[in-house]
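These numbers come from the heavy atoms of this one structure, side chains and all, not from hydrogens, waters or symmetry mates. Note on naming: letters A, B, ... go to the chains in the order of the sequence lines (proteins, then strands), and numbering restarts at 1 for each one. The model shown is predicted, which means the values in this text are computed figures rather than measured ones.
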There are 2 protein chains.
Amino acid sequence: MGDTNDTAAWAALLRVHAALVPRMDKELQVKCGLPLTWYDVLLELNAAPGRRLSMGELGDVAVVSRTRASRVVDQLVAAGLVTRESNPDDKRSAYALITDAGRKRLRAAAPIYLGAIEQYFTSRMSPDEAATVARALEKVLAGDGAAGVHVD
Amino acid sequence: MGDTNDTAAWAALLRVHAALVPRMDKELQVKCGLPLTWYDVLLELNAAPGRRLSMGELGDVAVVSRTRASRVVDQLVAAGLVTRESNPDDKRSAYALITDAGRKRLRAAAPIYLGAIEQYFTSRMSPDEAATVARALEKVLAGDGAAGVHVD
DNA sequence: AGTAAGAATGTGCGTGCGCACGCATTTTCC
DNA sequence: GGAAAATGCGTGCGCACGCACATTCTTACT
C-alpha cells in the first residue's frame, strides 16, 4: 500500500506466511493430531523413490533444516509412522522410510490440509493469479541454487 | 511440479520463505548488526503516526506477535533505538517511540534490505508478475480478518 | 458511587529451531 | 596402501517464539 511496488510483493508474502502458517498448523494438529512439520516430512518421504530418503536429502527437499529433520524423524519413529534404516552402501547415512501407518495418517490428513489451503489461500485469488504466483515463486527458487543457500 | 495446480502456489510460498528469510536475516545482521525482527519493528514504528505505537497495535501491524513485540521493544530500548512512553489517556497501554538513533539505524539498513529483496526476490520475476503476486497476496490478507486469526 | 466484566501489558515456562561441534565413514591425493 | 580432506549424521546448547497467567487499569452496568 504505502510500499514501493518492488517491496509490496515481498512484504505481502511475509504477512501471509505469518498469518496462515500458525493457523494451518493449529488446525492440522487439532483435527489430525499431526503438526505441519510431520505432514511435510511424511509427504516428502511418501513421494520419494522407494518411499525413503536420507537425512541430508530430506533436509534439502523439505522445508525443515537437516538437523531439525533428524529430530522430527526421531519423533515419527516413536510414533510408528517412520522407521530408520541404514544404507549398506554408505554406513554414515541413515534412511528414513515411511511405514504403512505413516501413509495412512498422511492420507487421512491430506484432505484437511488441502482444504485449509483452498479455504484460506487459493480461494482468495483467481485461478490465473494462482498460476502466476506459483510460476513466479518457482522462478525465485530456481535462481536460488546459484547464490549459496544452505542453511545448515 | 508434481503438485496439483492449487497447492503449487502455496508450496512455493513456503519454500521461498524458508530459503530467503534466514538468508536475508543473516545478511542484515552481518552488514548492519540488525536482526530482521528489529528492522520490521523499527519500520512500523517509523511509519506510524507520531512515530509511536502501542504494543497491541505493534503486534497487529508487524510480523511478530504481541508478546514477542514486547520483548523486542525491550531489546531496542536497551540498544537506545526506541523509548517506552506511557499513555496519559490509558495508563495500561505503553507506547514504543522510535528515537533519532533508531531512525538513523533504520535509514542505514534500508538500502541493504531493499537490495537483498531486489536481488533474491523481485529480480527473479517480471514486473508484471511482481505486481500480480502483490495483488493476489494482499487479497489473501484482506479476506483474513473475517475468519478469526489472532495468534495471541 | 460501587462492583463486575473487559482490555492492555509484562513475564514464567515449555517448545521449536538451527549452529557448532564431535564421531564415524568415505573419498581423494600422494 | 596410507594419510588427509571431505561427507553424513546425531547431539548439546542457546536463542526465538507464543501460550497461560497475573497485574493494572478502564469501561459498563446497576
Side-chain angles (χ1 to χ4, degrees), chain A residues 14 17-30 34-41 52-78 82 84-97 148-152, chain B residues 14 17-26 28-30 33-41 52-78 82 84-97 148-152:
Chain A
L14 288 184
H17 179 94
L20 262 52
V21 168
R23 195 192 314 182
M24 292 193 186
D25 193 16
K26 304 281 170 57
E27 185 164 335
L28 210 63
Q29 205 155 342
V30 166
L34 203 70
L36 193 57
T37 312
W38 289 25
Y39 183 91
D40 186 31
V41 167
R52 78 192 60 203
L53 240 42
S54 77
M55 293 302 154
E57 293 168 330
L58 191 55
D60 284 346
V61 67
V63 172
V64 300
S65 73
R66 186 194 60 81
T67 54
R68 185 69 196 136
S70 183
R71 293 194 149 107
V72 171
V73 167
D74 282 345
Q75 300 174 310
L76 288 170
V77 168
V82 159
R84 281 185 186 276
E85 191 172 307
S86 66
N87 179 357
D89 293 345
D90 187 340
K91 290 175 187 168
R92 294 170 302 178
S93 78
Y95 279 136
L97 167 57
V149 51
H150 270 330
V151 54
D152 196 13
Chain B
L14 288 183
H17 179 93
L20 262 52
V21 168
R23 195 191 313 182
M24 291 193 187
D25 193 16
K26 304 282 169 56
L28 211 62
Q29 205 154 341
V30 166
L34 204 71
L36 194 57
T37 312
W38 289 25
Y39 184 90
D40 185 32
V41 167
R52 80 192 60 203
L53 240 43
S54 78
M55 293 302 154
E57 294 168 330
L58 192 54
D60 284 345
V61 66
V63 172
V64 301
S65 74
R66 186 194 60 81
T67 54
R68 184 72 196 132
S70 182
R71 293 193 148 106
V72 170
V73 167
D74 281 345
Q75 300 174 313
L76 288 171
V77 168
V82 159
R84 281 184 188 277
E85 191 172 307
S86 66
N87 179 356
D89 294 346
D90 187 340
K91 290 176 188 167
R92 294 171 302 179
S93 79
Y95 279 136
L97 168 57
V149 52
H150 269 332
V151 54
D152 197 13

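Looking at heavy atoms from C-beta onward, B/Met55 lies in side-chain contact with B/Arg84 at the 4.5 angstrom threshold. B/Val82 places none of its side-chain heavy atoms less than 4.5 Å from the side chain of B/Gln75. Taking 4.5 Å as the limit, every side-chain heavy atom of A/Gln29 sits out of range of all side-chain heavy atoms of A/Leu36. Between B/Leu28 and B/Pro35, every side-chain heavy-atom pair lies at or beyond the 4.5 Å cut-off.
If you measure from atom CH2 of A/Trp38 to atom P of C/dC17, you get 12 Å, rounded to the nearest angstrom. In this structure, the CD atom of A/Glu57 is 15 Å from the P atom of D/dT7, given to the nearest Å. The distance from atom CG of B/Asp25 to atom P of D/dA16 is 9 Å, rounded to the nearest whole Å. At whole-Å resolution of the value, OH in A/Tyr95 and C1' in D/dC9 are 14 Å apart.
Residue-to-nucleotide contacts include no donor-acceptor pair under 3.5 Å from the side chain of A/Arg92 to the base of C/dT26.
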Contact list (N/O, under 3.5 angstrom) for nucleotides 10-16 of chain C vs protein:
| from | atom 1 | to | atom 2 | distance (Å) |
| --- | --- | --- | --- | --- |
| C/dG10 | OP1 | B/Arg84 | NH1 | 2.4 |
| C/dG10 | OP2 | B/Ser70 | OG | 2.9 |
| C/dG10 | O6 | B/Arg66 | NH2 | 3.3 |
| C/dG12 | N7 | B/Arg71 | NH2 | 3.2 |
| C/dG12 | O6 | B/Arg71 | NH1 | 3.2 |

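Between A/Ser65 and C/dG18 there is a side-chain N or O to OP1 or OP2 distance below 4.0 Å. Phosphate proximity of D/dC9 to A/Lys91: absent, as no side-chain N or O sits under 4.0 Å from OP1 or OP2.
Rounded to the nearest 0.5 Å, atoms OG (B/Ser65) and CZ (B/Arg68) are 8.0 Å apart.
Nucleotides of DNA chain C nearest to A/Ala69 and A/Asp89 differ in position, and the one nearer the 5' end is that of A/Ala69.
Side chain of A/Asp40 to main chain of A/Ala62: no donor-acceptor pair is present (N/O by atom type, distance under 3.5 Å, no hydrogens or angles).
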